[in-house]
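Just so it is clear, the structure is predicted and the values come from calculations on it, not from any experiment. Just so we're on the same page: letters track the sequence lines, and every chain starts at 1.
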Amino acid sequence: MVTELLRNLNPAQVEATRTVDGPLLIVAGPGSGKTRVITHRIAYLINGCSIDPNRIVAVTFTNKAAREMRTRLDNLLGELSEGVICKTFHSLCVSILRVDGKKIGLDNSFVIYDDDDKSSLLKRAMEEANIDPKQYPIRAIGNAISDAKSNLLDPQAFALSRSNSYYDEIVLRVYERYESLKSNMAALDFDDLVTQAVGLLRQVTEVREKYQERYLHLLIDEFQDTNHSQYALSRLLADKHRNICVVGDPDQSIYAWRNADVGNILSFQNNYPDSKVINLEENYRSTKNIVEAAKHVISPNRNRLNNDLFSKNADGCLLVVNEGHDENEEAQWVLSEIDRLVRQEGLRFGDCAVMYRVNAQSRAMEDACRRHGVSYRLIGGVRFYLRREIKDLIAYLRVIHNRRDEISLMRIINVPPRGIGSRTIEEVRRWGEAHGFSVYESLQAISDDKEKGGLQVSLTGRAVSAIRRLMTLFEELSCQAQLLGVSDLVDLVLEKVGYREYLRGGERESEQLENVQEFRGQALEVQDLLSENPALSLEAFLESVALVSPVDGLNDAQDAVTLITLHQAKGLEFPVVFILGIEEGLLPHSRSIDDPLQVEEERRLFYVGMTRAKERLYLSRTFLRRIYGDSRNSQYSGGRTARTPSRFLRDIPRSLIEKIGNDSNSTRGDSVESDTPSIRVGDKVKHKTFGEGIVLNTIATGDDVEATIAFKGPSGVKRIMLGIAPLEKLIKKDEAFPNNE
DNA sequence: AGAAGCTCATACTCG
DNA sequence: ATGAGCTTCT
């Protein structure tokens with residue numbers, strides 16, 4: 001049994017599988033059989049070392065990865081696999097907090113706030129703290145708070161840790177207010193799930209010891225993308241037995257922007273000096289050409305661990321680089337190539353994935369797919385659970401589950417319109433605050449106040465009766481929620497609230513009704529799973545909708561082209577991959593372009609995308625592109641922005657590329673480097689009449705060079721012959737942007 | 001008072 | 001395209 005388990009593994013994989021005692025770091029390059037090693041290691045623990053499956057925890061990045069792992073464990077172990085705990089960080093934390101959270105004062109019917117809810121709450125916190133959201137954008141403040149939490153800094157610790165700049169002072173004021181509101185509402189945001197779990201384990205000895213004892217073996221996947229708080233949680237859980245195995249690849253770290261810290265890999269080696277390190281370097285996924293190209297793209301990065309990826313696979317096809325005119329032509333090219341692959345090469349639509357940096361790029365692809373009648377699945381985009389009609393229904397369910405959830409209550413208090421407008425709400429709030437009541441309690445009190453004038457509340461009789469109707473509705477729904485499963489509850493909400501009628505006549509009516517149907521179906525799934533105790537299904541359902549990610553729904557059954565962002569593509573693989581928009585400003589993204597560290601992350605993102613491809617890799621860029629209508633750049637090129645090829649393209653050896661496209665322009669953005677070394681793409685220049693600008697492109701034309709330069713201000717993009725241009729000043733590319741941050 | 005209709009700015013990557 | 005915030009309509 002055990003020898004069979006190890007038979008199909010290479011020596012490094014065998015070693016990783018059999019190293020079960022003590023801390024272990026597995027550095028696993030893309031396609032190196034990482035999941036295989038994790039699952040085999042778990043199987044080995046159970047079958048070879050007789051470890052109780054219930055004492056093994058595997059933490060993954062997405063639910064989809066967790067499910068996949070469970071399926072593969074099931075194949076290796078059969079029924080035994082069911083005991084293994086396979087969860088994401090967030091779901092692991094939720095389960096810990098549901099069971100033991102009350103020991104740190106957490107209401108166990110807490111709700112989980114998504115980013116929308118978080119913004120609403122931040123907005124309110126800022127209102128209360130008299131901070132102008134125009135001066136201090138909610139998003140920026142929210143990120144600052146998120147940063148603090150990722151580093152396990154509560155408001156107090158944040159206050160001590162920061163320079164007392166005025167900005168930090170503002171953040172602190174909002175942070176304090178935000179936390180206290182959230183606590184009143186018995187709500188947690190995503191960051192809280194981890195920080196609260198850490199707080200619980202740190203503060204409550206018995207809870208800490210319980211989990212430390214139970215979790216004999218801990219495996220953390222995608223370790224390069226954990227943040228400080230997640231790592232702290234991992235260490236806390238592993239502290240007794242010290243059997244902690246982390247699997248990661250610094251080259252695939254693409255979430256620094258949400259506080260993931262590759263430094264955790266170094267910290268791991270410092271925190272566990274006795275840890276063993278195993279490198280998985282053989283790539284089984286991709287052709288040799290793809291692996292070679294990817295290696296050339298990643299190698300300019302500094303601060304890399306030694307992980308020398310190689311492949312023994314066949315060379316395979318050359319990479320294909322396309323240069324299209326604009327995003328529509330690019331999409332057109334993708335579709336005709338996919339057509340060809342399907343008709344001539346025996347591939348399926350489902351084998352093909354189209355990847356891009358930003359969601360907005362999916363638009364042109366969707367249009368092209370529809371025109372060609374090719375079915376596609378769009379991953380991400382406007383997420384299902386963030387659609388208005390779905391969020392409304394979730395808000396009803398949340399208020400039923402936890403009436404302190406004021407963000408949800410406020411969302412649906414007058415949806416559908418029921419005569420409780422902003423003035424009424426304001427008065428209810430004012431009254432509630434004066435009496436120390438939550439909004440729901442205030443509504444109840446006002447509703448129950450039979451003798452008029454008993455309360456000091458200035459509301460019209462009309463408003464009071466509207467409130468009374470609402471309270472009657474909620475009382476009934478709450479009462480039924482004790483008896484019904486969540487799907488039946490959704491039906492009751494739809495009926496009693498008149499939600500379908502509310503959607504009637506709207507512009508997106510049929511689409512919204514379809515979404516509602518889909519939502520009912522999902523509720524029914526959870527209800528059926530918990531048919532023995534239907535009242536529990538509401539909480540389970542709310543939890544499942546809070547923690548899904550778009551990739552979770554990706555099913556391979558349907559033969560459709562996958563449209564997906566590079567970030568979401570991590571961990572996936574496809575026979576054929578198209579990566580679009582390999583242009584400066586998009587990949588690397590304009591928001592990252594000024595910071596060398598961020599450019600390194602963009603490079604890793606490209607590397608992640610490339611290494612998703614098993615057989616064929618297509619790269620594409622355009623000369624013009626419209627993104628979001630591009631209002632800022634509308635003066636250029638008829639509403640579109642002139643594009644220059646990504647610097648990353650230059651790092652792929654020409655020998656690996658088969659080039660197509662209809663423009664004589666070179667892939668190499670600095671093609672004239674040797675002729676006129678003083679002007680290169682990316683240089684900052686100053687023109688006598690047009691002012692300051694950045695060189696976008698250079699083309700040798702006869703005995704002169706034509707440069708495309710984007711000037712600041714109204715001049716916009718101009719093509720200029722360098723021989724005669726009155727360019728006064730030149731700053732080299734690297735000096736053009738001294739650390740702006 | 002509350003609803004509806006309008007303009008306006010705004011938009012990277014995510015559990 | 002979407003939401004916030006404003007004005008106008010009922």
Side-chain angles (χ1 to χ4, degrees), chain A residues 59-66 87-94 112-116 118-120 123 133-134 137-139 143 146 150 188-194 222 225-227 229-230 253-260 355-363 366 379-383 385-388 391 414-427 458-463 466 505-508 543-552 564-570 581 585-593 598 601-602 604-606 608-609 627-632:
Chain A
V59 183
T60 61
F61 199 70
T62 61
N63 294 305
K64 182 175 193 287
K87 281 176 180 286
T88 62
F89 266 110
H90 291 105
S91 63
L92 180 69
C93 290
V94 168
I112 301 165
Y113 278 175
D114 63 29
D115 284 352
D116 266 16
K118 180 178 165 180
S119 302
S120 309
K123 195 173 161 225
K134 288 205 185 87
I138 291 180
R139 235 184 118 108
N143 284 340
S146 210
S150 301
L188 297 179
D189 64 23
F190 278 121
D191 301 315
D192 293 333
L193 296 177
V194 181
E222 307 283 11
D225 287 323
T226 54
N227 64 30
S229 66
Q230 290 166 328
S253 155
I254 54 173
Y255 285 105
W257 55 271
R258 64 172 204 211
N259 297 311
M355 303 179 184
Y356 37 80
R357 178 64 227 271
V358 301
N359 279 311
Q361 285 174 263
S362 71
R363 167 58 68 82
E366 290 179 77
I379 312 298
V382 182
R383 302 216 221 139
Y385 293 110
L386 293 184
R387 292 181 196 169
R388 184 193 296 161
K391 277 227 76 170
N414 201 32
V415 175
R418 52 168 69 89
I420 305 179
S422 52
R423 294 296 297 272
T424 305
I425 294 169
E426 216 170 278
E427 177 58 18
S458 49
L459 288 173
T460 60
R462 203 165 70 175
E507 215 152 286
R508 292 169 47 238
E543 190 173 310
S544 74
V545 301
L547 298 181
V548 288
S549 78
V551 272
D552 293 339
I564 192 170
T565 65
L566 287 164
H567 280 92
Q568 294 178 126
K570 187 179 71 160
L586 212 42
L587 190 69
H589 194 272
S590 52
R591 301 242 181 143
S592 306
I593 227 156
Q598 289 187 51
E601 178 150 313
E602 300 283 315
R604 292 192 292 269
L605 189 56
F606 187 31
V608 165
I627 304 171
Y628 304 123
D630 233 327
S631 53
R632 222 168 24 118

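- Inter-residue side-chain proximity for A:T60 and A:K87 is flagged as unmet; no heavy-atom pair is nearer than 4.5 Å.
- Distance A:R363 CZ to B:dA11 C1': 13 Å, rounded to the nearest Å.
- A donor-acceptor pair under 3.5 Å is absent between the side-chain atoms of A:N63 and the main chain of A:T88, judged by distance alone.
- Rounded to a whole Å, the CG atom of A:D116 is 13 Å from the C1' atom of C:dA4.
- Spacing between atom CD1 of A:I254 and atom P of B:dC14 amounts to 9 Å, rounded to whole angstrom units.
- Residue ring and nucleobase are stacked for A:H589 and B:dC12, with a centre distance beneath 5.5 angstrom and an angle between planes beneath 30°.
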Practice task
With side chain to side chain contact (heavy atoms under 4.5 Å, CB included) as the test, would you mind laying out the steps for A:V608 and A:L566 before giving the verdict?
Solution key: CA-CA 7 Å; A:V608 165; A:L566 287 164; over 6 Å; no
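- Checked against B:dA1, B:dC14, B:dG15, the side chain of A:H90 finds its nearest nucleotide in B:dG15.
- The distance between atom CD of A:E601 and atom P of B:dT13, rounded to the nearest whole Å, is 14 Å.
- Within a 6.0 Å sphere centred on CZ of A:R388, heavy atoms belonging to other residues, nucleotides or ligands number 12 at most.
- Here A:N414 lies in heavy-atom contact (under 4.0 Å) with sugar-phosphate atoms only.
- Residue-to-nucleotide proximity on DNA chain B shows that, of A:N227 and A:S592, the 5′-proximal contact is made by A:S592.
- Between the P atom of B:dC14 and the OH atom of A:Y385 lies a distance of 17 Å, rounded to the nearest Å.
- Here the shortest heavy-atom pairing between A:S146 and A:D191 reads OG-OD2, 2.7 Å.
- Between A:K391 and A:D116, the closest heavy-atom pair is NZ-CB, 3.7 Å.
- Considering only the side chain of A:Y255, B:dC14 comes nearest among B:dG15, B:dG2, B:dC14.
- A donor-acceptor contact closer than 3.5 angstrom links the side chains of A:Q568 and A:T565.
- Separating the CE atom of A:M355 from the P atom of B:dT13 is a distance of 16 Å, rounded to the nearest angstrom.
- A:R258 comes within 4.0 angstrom of a base, heavy atoms only.
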Problem - Bracket string, DNA chain C, 5' to 3' - pairs by Watson-Crick or G-U geometry under 3.5 Å, | interstrand - result: .|||||||||
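- Heavy-atom distances to DNA chain B give each of A:G421 and A:H567 a nearest nucleotide, and the one nearer the 5′ end belongs to A:G421.
- For A:I593 and B:dC12, the CD1 to C1' distance is 13 Å, given to the nearest whole Å.
- Take A:Y385 and apply the ring-ring contact (aromatic ring centres under 6.0 Å, His included) test, not counting sequence neighbours, and it matches no residue.
- Looking at the side chain of A:V358, the nearest of the listed nucleotides B:dG2, B:dC12, B:dG15 is B:dC12.
- Close to B:dC14, at under 4.0 Å from its OP1 or OP2, lies no side-chain N or O of A:K64.
- Candidate nucleotides B:dA3, B:dC14, B:dG15 were compared by shortest atom distance to the side chain of A:Q568, and B:dC14 ranks first.
- A stacking contact links A:W257 to B:dT13: the aromatic ring centre lies within less than 5.5 Å of the base's six-membered ring centre, and the planes differ by less than 30°.
- In this model, a side-chain donor or acceptor of A:R357 finds a partner on the base of B:dC12 within 3.5 Å.
- In this pair, A:Y255 and A:F61 present their aromatic rings tilted. The plane angle is within the 30 to 60° band.
- Minimum atom distance to the side chain of A:R591 is reached by B:dA11, of the listed B:dA11, B:dT13, B:dG15.
- The side chain of A:T424 approaches B:dG2 more closely than any other nucleotide in the set B:dG2, C:dG3, B:dG15.
- We find that CG of A:L386 is positioned 19 Å from P of C:dA1, with the value rounded to whole Å.
- A:R604 comes within 4.0 angstrom of nothing in the nucleic acid, heavy atoms only.
- Residue A:R462 places its side chain closer to B:dA1 than to any other of B:dA1, B:dG15, C:dG3.
- Distance from the side chain of A:N359 is smallest to B:dT13 among B:dT13, B:dC12, B:dG15.
- Between B:dC14 and A:T565, a contact under 4.0 Å exists linking OP1 or OP2 to a side-chain N or O.
- At the heavy-atom level, A:K87 lies nowhere under 4.0 Å from the strands shown.
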